[in-house]
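What follows is one structure encoded as structure tokens, with my remarks underneath.
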Amino acid sequence: MPPARTEETELIEAARSGDVAAFETLMRTHASAVYAHALRFFGDKASAEDVVQEVFIKVYRSLAGFNGESAFSTWLFRVTRNICLDSLRAGKRRPIPVDPLTIATDASPDHASGVIDKVVLEEAMRALSPEDREALSAVTLFGMEYAEAAEALGVPAGTVKSRVFRARRTLMTIMGLLGERR
Amino acid sequence: MSENECLQIQELISAAADGERLSAEEIAHAKQHCASCASCTRFVAVLASIRKVSPPAVDESVILATIAEITREQQAAEAVAAAEATAEVSSKSKPLPGLIQRLEVLLSNPKLVLIGAAASILVVAGFGTIVGVRYLMTPATTSMSPEMTGEAPVPMSADVVIQTPPASAPQRAGTHEAAPAAGTRFAVLGEIVYEVAESPVLRRPGGDSIGTITTDLGSGSTGAFAAYATREAGTIMILGPGDAVFEAALVTRTLEGRTYALTSGTLGLFGMWPVMPARFAPPAEEDGSPTFEQVGRDDRGTPIFAPAGASPEAGFAMAPDTSGVESLAGSPNWTWWVPFE
């Protein structure tokens with residue numbers, strides 16, 4: 001569970017004054033969100049781990065410039081998104097392609113128990129369009145409200161709402177969970 | 001029940017799951033709809049199941065490695081700040097009155113002055129002897145690498161420090177001048193120069209072992225480190241001390257669309273400039289003579305040189321500081337480039 005906003009502000013202040021332990025607490029709270037976003041972006045564990053390291057080193061170096069106007073998680077999402085996009089543009093890392101049809105074939109949802117196969121779900125995440133996936137990521141991984149995600153993504157809040165919904169519908173369809181397998 | 005209505009209801013449910021506030025009307029409408037719609041009821045159940053799945057978690061090792069890197073950075077910053085503070089204090093401090101009085105007493109006593117002078121001579125003579133012996137025992141350094149001479153490479157231990165010879169202007173093709181303050185990060189594998197990344201990566205070497213690189217990786221102590229191939233052409237990984245892994249990339253130019261890689265003799269320390277192979281005598285003139293003649297220009301229009309009658313396809317030279325490669329800016333040496341397949 002993420003720390004309360006005031007507690008997080010104190011951690012940021014402490015980290016800004018050189019308290020690495022405070023920064024470690026912040027990192028432990030948010031590292032998996034960054035990792036999951038990068039993993040869904042690149043589909044490669046090693047690349048995702050590199051992104052986590054790059055993101056938190058950059059965040060640590062930039063703490064002085066964080067004014068606290070937005071939530072820490074919103075800022076972190078922006079840094080993560082930029083690092084993923086920058087390394088893609090620079091040709092440093094390339095996403096591993098994924099075939100949604102293969103995922104649908106592999107998926108065997110246990111309708112009775114309602115248990116979703118985590119591996120299949122992660123593969124399906126990778127098959128989403130980048131816009132839908134990052135909207136879903138902002139809201140579900142980084143815990144942002146639609147308005148915050150809208151600001152970070154530079155689109156209206158209504159667009160975030162539509163993209164998140166479309167992402168969920170697509171996931172369910174790819175995984176054959178709605179009885180409408182593609 | 002129309003499909004369009006179902007989609008509208010499901011979008012409301014999706015937003016509600018994300019903590020968006022719905023009006024009382026919207027909630028009542030959604031409840032009423034779901035009571036008689038199997039499809040939307042199923043959507044609610046599946047959405048709940050998906051939300052129960054925890055996202056992939058990052059390995060603890062990644063957190064520890066990142067925090068270790070940040071700690072190192074923090075400690076370095078603190079050390080610099082402390083040094084700056086000390087320097088500031090020193091520059092402001094004045095000799096203590098007591099010390100001045102003691103110096104005056106010493107200088108007023110001729111015997112003590114004579115003893116002090118004799119001691120100074122002994123210290124200077126001793127230092128001179130040490131320097132002289134070290135000079136005599138230090139073999140003349142050449143730009144020839146074991147690979148070039150065919151000699152067996154000398155095994156390097158981690159604490160062997162390669163001497164960096166002073167620069168000599170007329171010998172520009174073969175000098176190992178120290179780099180400017182920013183420092184170069186070159187290492188050589190089989191005559192090919194690689195530029196080593198500043199920060200280690202978390203990825204483990206996955207490719208085949210392709211040899212050993214002699215470098216200090218910036219530590220000041222030269223060692224022999226294993227190099228590994230990667231999936232990316234022109235990039236290798238170096239397994240450094242403490243299993244730190246560094247990516248290193250070729251330094252390249254192109255000629256008629258073909259890639260050429262920078263070569264050099266061994267560069268045991270960061271901060272050394274790549275040098276020409278020893279088989280080429282250093283050109284005496286800017287036009288490359290008498291060793292080379294200009295044979296054309298590379299794809300960026302930079303003049304390239306080759307031995308008289310030789311084709312640049314097999315390799316070409318570039319004059320100092322003209323390669324257009326940022327990390328070579330300021331190098332006083334001629335460089336030699338070979339085709340990279």
Side-chain angles (χ1 to χ4, degrees), chain A residues 18-21 23-24 27-28 31-40 45-50 52-57 60-61 91-92 109 111 113-118 121-122 125 137 139-141 143-146 149 157 160-162 164-169 171-172 175 177-179, chain B residues 3 6-8 10-15 17-21 38-40 42-43 45-75 77-78 81 197 199-206 230-232 235 245 247 249:
Chain A
D19 183 345
V20 178
F23 187 76
E24 184 174 347
M27 183 178 176
R28 285 185 181 282
S32 285
V34 174
Y35 175 70
H37 179 88
L39 187 62
R40 290 170 185 176
K45 189 171 183 275
S47 294
E49 290 179 342
D50 285 350
V52 171
Q53 194 173 29
E54 271 183 57
V55 164
F56 281 97
I57 288 174
Y60 185 76
R61 288 175 182 162
K92 269 170 74 182
H111 294 293
S113 67
V115 175
I116 305 284
D117 185 322
K118 189 172 174 173
L121 177 63
E122 285 306 315
M125 290 278 185
S137 173
V139 171
T140 60
L141 291 176
M144 294 158 70
E145 292 177 3
Y146 286 173
V160 173
K161 182 182 174 185
S162 312
V164 170
F165 172 59
R166 192 167 56 219
R168 285 179 169 142
R169 283 277 312 181
L171 283 177
M172 293 174 189
M175 297 173 75
L177 296 171
L178 291 176
Chain B
E3 190 181 342
C6 285
L7 289 176
Q8 284 174 0
Q10 288 173 15
E11 190 168 8
L12 281 180
I13 294 166
S14 169
D18 293 329
E20 294 298 302
R21 295 183 73 130
S39 172
C40 289
R42 171 142 197 84
F43 178 85
V46 172
L47 180 58
S49 299
I50 287 177
R51 285 168 57 83
K52 275 185 204 159
V53 180
S54 51
V58 69
D59 276 359
E60 175 71 9
S61 62
V62 179
I63 294 176
L64 294 178
T66 310
I67 294 300
E69 178 65 29
I70 286 170
T71 304
R72 272 195 295 274
E73 202 170 298
Q74 178 67 21
Q75 286 170 345
E78 284 169 1
S199 304
V201 293
L202 287 168
R203 198 176 313 144
R204 311 310 306 161
T230 71
R231 281 180 297 184
E232 290 171 54
T235 302
V245 179
E247 278 185 346

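Proteins come first, then strands; the chains are lettered A, B, ... in the order of their sequence lines, and each starts at number 1. Since the structure is predicted, the reported quantities are computational estimates derived from the model, not experimental observations.
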Any chance CD of A:E145 has more than 12 other-residue heavy atoms, nucleotides or ligands included, within less than 6.0 Å?
no
With a 4.5 Å heavy-atom cut-off, do A:Q53 and B:V201 have their side chains touching?
no
dist A:Y35:OH -> B:I63:CD1 (nearest 0.5 Å) comes out at 11.5 Å
Heavy-atom distances under 4.5 Å only: say whether [X] touches chain B with side chain, backbone, both or neither.
X: A:F165; value: both
X: A:R166; value: neither
X: A:F56; value: both

Under 4.5 Å heavy-atom distance to chain A, tell me which part of [X] shows up: side chain, backbone, both or neither.
X: B:A65; value: both
X: B:V62; value: both
X: B:E247; value: neither
X: B:S54; value: both
X: B:I13; value: neither
X: B:E20; value: side chain

Could you check A:K45 against B:D59 for salt bridge (Lys or Arg N to Asp or Glu O under 4.0 Å), going step by step and ending with a plain yes or no?
CA-CA 10 Å; A:K45 189 171 183 275; B:D59 276 359; 3.2 Å; yes
Leading residue by heavy atom contact count with chain A [cutoff under 4.5 Å; candidates B:T71, B:V46, B:D18]
B:D18
Out of B:E73, B:E69, B:Q74, which one pairs with A:Y60 under the side-chain hydrogen bond (donor to acceptor under 3.5 Å, both in side chains) rule?
B:Q74
Between [X] and [Y], what is the shortest heavy-atom contact and its length?
X: B:P56; Y: A:E122; answer: CD-OE2, 3.3 Å
X: B:S14; Y: A:V164; answer: OG-CG1, 4.1 Å
X: A:K118; Y: B:V53; answer: CG-CG1, 3.7 Å

Ignoring hydrogens and geometry, is there a side-chain-to-backbone donor-acceptor pair from A:R169 to B:E11 under 3.5 Å?
no
Most chain B-contacting option - heavy-atom pairs closer than 4.5 Å, from A:I57, A:V139, A:T140:
A:I57
